[in-house]
Amino acid sequence: TLGVNELNFNLKKNNNLLSNDSLQTIITNSQKGFNLGIVSNLRLGKYTDLRFVPALVFGERILNFGFVDSLKNSYNITKKIESTLIDFPIYLKYKSERYNNFRTYVIGGVKYSIDIASQDKIDDEGKELIKLKKNDLMIEVGFGIDFYLEYFKFSPQIKISQGVLQLLNKDNSVYTNSIDQLTTSGWILSFTFE
């Protein structure tokens, strides 16, 4: 399976942002990435499959911090967070009846991710990095179409993801003190060849 993704954060600010005299705004920006995976499929019934699709995912997310200095001049600081994830998702795939050479399906499941580019344990040497935890757990749902070709089955699908674990590794910096919770969100458009 090959695909493109767009990773982002769900950000929940805390009350420190309101009392901070220099930090005014925190905005998240999503970035595009790509993924590569291998499909394993177990047929449970005529319309139901259990799927395990481990994948390597490359992505990036951006946090923009808006500050005001003592002279009331505003400036922004951008923190790019690159991620290289190894995903271990387990899905249930529910298929429609086959019509000629295609059928539609819905898919849903849970995904455990390990960020092998995580910097949560390194010494940032005063650079004030935004450090994310290495492990994440997400819920995914999506839909797609199976096209039965002469030699293989081609399946485009789109999935949305929602993280359930807190990712932010809190240190005592102005960047993390104003964030209460940081979780993953995103979507993946993938093309499967079986």
Side-chain angles (χ1 to χ4, degrees), residues 1-18 23-37 39 51-66 76-94 105-120 128-145 155-171 173-192:
T1 179
L2 303 168
V4 295
N5 63 66
E6 185 169 281
L7 297 177
N8 204 348
F9 290 121
N10 287 324
L11 174 72
K12 182 178 176 188
K13 303 167 190 165
N14 63 22
N15 294 333
N16 289 349
L17 184 63
L18 299 175
L23 178 62
Q24 301 295 307
T25 61
I26 306 173
I27 300 170
T28 67
N29 287 337
S30 61
Q31 296 291 299
K32 302 280 189 301
F34 69 95
N35 49 297
L36 174 66
V39 178
R51 293 171 73 85
F52 177 59
V53 190
L56 184 61
V57 178
F58 299 94
E60 182 179 76
R61 293 164 278 194
I62 295 175
L63 287 171
N64 289 310
F65 296 87
N76 291 326
I77 293 178
T78 299
K79 297 288 187 178
K80 290 185 179 181
I81 303 165
E82 295 179 356
S83 296
T84 303
L85 306 167
I86 300 176
D87 287 349
F88 299 99
I90 296 177
Y91 303 119
L92 272 177
K93 176 181 177 181
Y94 185 72
Y105 64 88
V106 293
I107 193 165
V110 295
K111 177 170 72 175
Y112 171 68
S113 288
I114 300 172
D115 188 352
I116 58 176
S118 173
Q119 299 178 336
D120 70 336
E128 294 186 318
L129 300 173
I130 304 293
K131 299 178 183 178
L132 300 183
K133 294 179 182 173
K134 191 172 215 160
N135 303 303
D136 198 5
L137 186 66
M138 288 175 255
I139 298 170
E140 284 195 333
V141 294
F143 65 92
I145 301 172
S155 305
Q157 70 177 340
I158 189 161
K159 297 187 296 281
I160 56 171
S161 301
Q162 180 61 53
V164 295
L165 298 180
Q166 162 73 292
L167 284 182
L168 187 64
N169 189 358
K170 294 225 177 192
D171 52 17
S173 72
V174 67
Y175 302 108
T176 61
N177 283 343
S178 298
I179 298 173
D180 192 37
Q181 188 168 9
L182 198 66
T183 58
T184 299
S185 68
W187 58 264
I188 297 174
L189 173 64
S190 59
F191 304 96
T192 303

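- Across all non-hydrogen atoms, the minimal contact from D136 to G163 is OD1-CA, 4.4 Å.
- Atom CG of D115 is separated from atom OG1 of T84 by 6.5 Å, given to the nearest 0.5 angstrom.
- By the 6.0 Å contact criterion, CD on E82 is open, its count of non-hydrogen atoms from other residues, nucleotides or ligands being 12 or less.
- In this structure, the separation between OG1 on T183 and CG on N10 is 4.0 Å, given to the nearest 0.5 Å.
- The side-chain hydrogen bond (donor to acceptor under 3.5 Å, both in side chains) check on N5 picks up nothing, with sequence neighbours excluded.
- Other residues, nucleotides and ligands place no more than 12 heavy atoms under 6.0 Å from the CD1 atom of I160.
- For the pair T1/V39, a side-chain contact is recorded, criterion being any heavy-atom separation below 4.5 Å from C-beta on.
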List the steps and the verdict of side-chain contact (heavy atoms from CB on, under 4.5 Å) for V4 and K32.
CA-CA 7 Å; V4 295; K32 302 280 189 301; 5.8 Å; no
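- Counted by atom type alone, T28 and R61 present zero donor-acceptor pairs between their side chains at under 3.5 Å.
- Contact annotation: the side chain of F88 approaches that of I114 to within less than 4.5 Å [non-hydrogen atoms, C-beta and beyond].
- Here the CD1 atom belonging to I179 is positioned 9.0 Å from the CD atom belonging to Q166, to the nearest 0.5 angstrom.
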Show, in sequence, the C-alpha distance, side-chain angles and deciding distance for N135 and K133, and conclude whether the side-chain contact (heavy atoms from CB on, under 4.5 Å) test is met.
CA-CA 6 Å; N135 303 303; K133 294 179 182 173; over 6 Å; no
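- Listed by chain and number, the residues in a side-chain hydrogen bond (donor to acceptor under 3.5 Å, both in side chains) with S190 are Q157 (sequence neighbours excluded).
- Among residues two or more places apart in sequence or in another chain, the salt bridge (Lys or Arg N to Asp or Glu O under 4.0 Å) test is passed with E140 by K111.
- The two residues S155 and Y105 have their closest heavy-atom pair at CB-OH, 3.9 Å.
- One finds the CD atom of Q181 at 9.0 Å from the CG atom of L167 (value rounded to the nearest 0.5 Å).
- One distance of note links CD1 of I107 with CD1 of I158; it measures 13.0 Å at 0.5 Å rounding.
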Verify side-chain contact (heavy atoms from CB on, under 4.5 Å) between L182 and L132, making sure each step is shown before the conclusion.
CA-CA 9 Å; L182 198 66; L132 300 183; 3.9 Å; yes
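- To the nearest 0.5 angstrom, T184 atom OG1 is 10.5 Å from L137 atom CG.
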Does the side-chain contact (heavy atoms from CB on, under 4.5 Å) test come out yes or no for I86 and Y112, once each step is laid out?
CA-CA 8 Å; I86 300 176; Y112 171 68; over 6 Å; no
